[in-house]
Number of protein chains: 2
Amino acid sequence: MAAKPSTGGEGAAPGSQTLLRGLAILEAVAAGARDLAGLASALGTTRSTTHRLAAALVEQRYLTFAPRDGYGLGPKLLELGFRAQQAAPVTRVARPHLERLSEACGDTIHLGVLEGDWALYLDKLPGRRRIEISSRVGERQPVWSTGLGKALILDLDEARWRHFHHLGEARGGHDPDLETWLARMRAYAARGIAYDREENEPEVRCVAAPIRDASGAIVAAFSVTSTVQYMDEVRMEDLAGTVREAARAICRDLGWQDLGWQDLGRPAIGWAE
Amino acid sequence: MAAKPSTGGEGAAPGSQTLLRGLAILEAVAAGARDLAGLASALGTTRSTTHRLAAALVEQRYLTFAPRDGYGLGPKLLELGFRAQQAAPVTRVARPHLERLSEACGDTIHLGVLEGDWALYLDKLPGRRRIEISSRVGERQPVWSTGLGKALILDLDEARWRHFHHLGEARGGHDPDLETWLARMRAYAARGIAYDREENEPEVRCVAAPIRDASGAIVAAFSVTSTVQYMDEVRMEDLAGTVREAARAICRDLGWQDLGWQDLGRPAIGWAE
DNA sequence: GAACAAGATCCCAATATATGGGATCAGATG
DNA sequence: CATCTGATCCCATATATTGGGATCTTGTTC
């Protein structure tokens with residue numbers, strides 16, 4: 001609907017208009033655009049230009065096109081997405097353990113890593129409850145307000161903790177004030193487990209644990225999420241044990257595999273900025 | 001290494017060189033290219049051009065770049081890939097059932113649909129065996145030689161079966177001759193289960209079943225794959241029952257959900273050409 | 001059953017856009 | 001400290017992209 005200027009964006013790199021427009025088409029389709037007209041208005045280009053780019057994307061299997069239904073995301077994205085997921089060794093290693101955990105607890109499970117100032121979701125296991133946790137693999141979530149995010153920064157010093165809390169305030173986060181939040185973080189760090197008792201969203205609670213590689217550095221984290229009706233205090237305590245157990249098993253797998261991380265100062269996964 | 005001509009390809013659509021080059025970068029990175037020089041030589045462009053495109057892809061989060069490690073596939077691909085997978089309702093619905101099946105049998109499980117003349121892999125569950133089945137989500141496999149492919153075309157008439165066998169011959173397929181293959185297909189169709197007794201690759205066997213939606217049309221299929229040492233005749237017969245059971249459960253879930261497929265003549269998934 | 005409508009596809013001259021040679025910069029290596 | 005590898009930036013040039021409109025296809029209406 002909004003007509004973005006051709007040479008748009010914030011600090012948009014020039015010299016790639018065509019590529020940028022092509023990617024914009026991908027995202028417009030992901031956002032639900034089905035026909036040419038929709039795409040054209042979404043990026044503010046003419047029908048012919050849009051068609052040419054879309055056709056190229058279809059030909060390369062990045063999009064599908066069916067006369068009746070219009071455009072859809074194509075198999076190539078499936079392939080690249082899957083490869084991107086596998087690129088982080090954590091995902092492969094953690095999967096079976098998380099599946100077992102999912103089977104055992106029935107709640108939604110997320111796996112994620114720290115990407116810059118954000119928590120990036122690498123994997124998601126839906127769980128058996130009715131409720132649907134609204135999150136997507138590949139999405140970024142704030143660090144300070146999610147259980148998973150907090151688990152990711154458990155090892156950082158207080159200066160850096162303040163930084164993350166500050167990021168939250170900038171975005172209108174009013175929830176726990178700095179001191180309360182820091183106190184909780186200290187408690188989480190001491191236990192090696194992070195909770196989220198409806199601090200972020202009402203009704204939603206979760207238990208999260210960090211995953212460490214052979215060097216002991218936190219390279220990822222996972223969380224078990226549910227609504228409060230399935231997550232009273234007692235259950236959270238129970239889960240803490242189960243979760244810690246799963247985390248330990250994953251860490252063991254990461255520590256044993258000799259993929260040779262020559263540079264132990266950097267996270268083993270490929271997403272850090 | 002091979003320098004593809006800029007305006008390359010077969011019936012390559014013109015008017016999108018920049019976009020096509022950008023996508024080529026994505027694939028080069030997926031194929032393992034890490035640095036600018038590698039990318040540049042992979043697509044036959046100069047450093048500066050390559051750098052500009054790659055930088056745009058990084059900025060859009062389609063690639064990651066870390067000074068030491070070079071380029072990698074980015075989170076945006078993760079997101080789009082995941083969305084593409086979810087676009088086919090079958091994946092969502094089948095997942096939990098396949099996970100249970102995977103848990104029970106320990107073998108590699110694939111889920112796929114028919115895309116034109118190919119079997120497209122939508123999902124893969126690794127299994128607990130040592131062996132790694134070389135297949136990737138998003139990849140296309142021939143229909144006639146894979147168990148999954150055969151399960152997908154169980155409902156088609158013999159003319160169309162011949163068509164698929166013919167496609168195989170064109171690509172140097174010499175395995176079972178037409179009549180033998182047709183006879184097997186008839187048997188598979190009668191049982192509602194397709195086998196692959198090392199017909200495709202030596203040592204590799206699999207048991208596959210079709211998945212039908214509310215209209216009764218085959219919209220997908222899944223297969224349980226393993227090496228012959230885990231797959232003797234007795235086990236294949238056993239598995240047939242388990243597999244059929246899982247298929248029935250998935251079909252039931254597909255039949256019950258009222259997502260309103262107004263057009264029953266077309267497959268419910270979005271991948272058909 | 002024929003005219004209509006909606007949408008996709010194709011074509012071509014004008015020009016905004018991408019290109020790549022080379023210069024520069026960052027930081028690793030000896 | 002000099003050297004090297006590899007990333008980043010700049011700018012005149014050529015060329016690939018653009019978009020207006022004509023055309024074709026397919027489904028809908030009267």
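Residue numbers begin at 1 in each chain, while the letters A, B, ... track the order of the sequences.
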Practice prompt. Mind calculating the distance between CZ (B:Arg68) and P (D:dT5) to the nearest angstrom?
Written response: 14 Å

Practice prompt. Please state whether the phosphate of C:dT19, meaning OP1 or OP2, lies under 4.0 angstrom from any side-chain nitrogen or oxygen of B:Gln17.
Written response: yes

Practice prompt. Please determine if A:Arg212 and A:Asp155 form a salt bridge, counting it only when a charged side-chain N lies under 4.0 Å from a carboxylate O.
Written response: yes

Response to the item:
Note: for A:Arg34 and B:Thr50 on DNA chain C, the residue whose nearest nucleotide lies more 5' is A:Arg34

Response to the item:
To the nearest angstrom, the CG-C1' distance between A:Leu20 and D:dA16 comes to 17 Å

Discussion item. How many whole angstroms separate atom CG of B:Leu63 from atom P of D:dA7?
Written reply: 13 Å

Worksheet item: Among C:dG22, C:dA8, D:dT18, which is the nearest nucleotide to the side chain of A:Arg21?
Response: D:dT18

Discussion item. Testing A:Leu73, A:Leu80, A:Val29 one by one against A:Tyr62 for a side chain to side chain contact (heavy atoms under 4.5 Å, CB included), which residue passes?
Written reply: A:Leu80

Worksheet item: To the nearest Å, how far apart are B:Asp35 CG and C:dA26 P?
Response: 20 Å

Worksheet item: Side-chain N or O of A:Thr46 less than 4.0 angstrom from OP1 or OP2 on D:dG19?
Response: yes

Practice prompt. Please check the phosphate of D:dG19 (OP1 and OP2 only) for any side-chain N or O of A:Arg47 closer than 4.0 Å.
Written response: no

Worksheet item: Nearest to the side chain of B:Tyr71, which nucleotide is it out of D:dT8, C:dA8, C:dG21?
Response: D:dT8

Discussion item. What contact category does A:Thr18 fall into here, base, sugar-phosphate, or nothing, at under 4.0 angstrom with non-hydrogen atoms?
Written reply: sugar-phosphate

Worksheet item: Between A:Arg61 and B:Glu115, is there a salt bridge with N-O shorter than 4.0 Å?
Response: yes

Fill in: Nearest-Å distance for atom pair CG/P, residues B:Asp69 and D:dA7
12 Å

Worksheet, complete the sentence: Judged by nearest nucleotide, the residue sitting upstream toward the 5' end of DNA chain C, A:Leu36 or A:Leu19, is A:Leu36

Worksheet item: Looking at B:Arg52, does any N or O in its side chain come under 4.0 Å of the phosphate oxygens OP1/OP2 on C:dG20?
Response: no

Worksheet entry | Lys/Arg N to Asp/Glu carboxylate O, A:Glu139 vs A:Lys124, below 4.0 Å | no

Worksheet item: Taking atom C1' of C:dG20 as reference, at what distance in whole Å does atom CG of B:Leu39 sit?
Response: 16 Å

Worksheet entry | Whole angstrom value for the distance that separates P of D:dG19 from CG of A:Leu43 | 10 Å

Worksheet entry | Heavy-atom donor-acceptor pair, B:Thr45 side-chain to C:dG20 base, under 3.5 Å | no

Discussion item. Between the side chains of B:Arg34 and B:Asp69, is the shortest nitrogen-to-carboxylate-oxygen separation below 4.0 Å, so that they form an ion pair?
Written reply: no

Worksheet item: Think B:His51 has a side-chain N or O under 4.0 angstrom from the OP1 or OP2 of D:dT8?
Response: yes

Discussion item. With a 4.0 Å cutoff (strictly under), does any side-chain N or O of A:Thr49 reach OP1 or OP2 of D:dT17?
Written reply: no

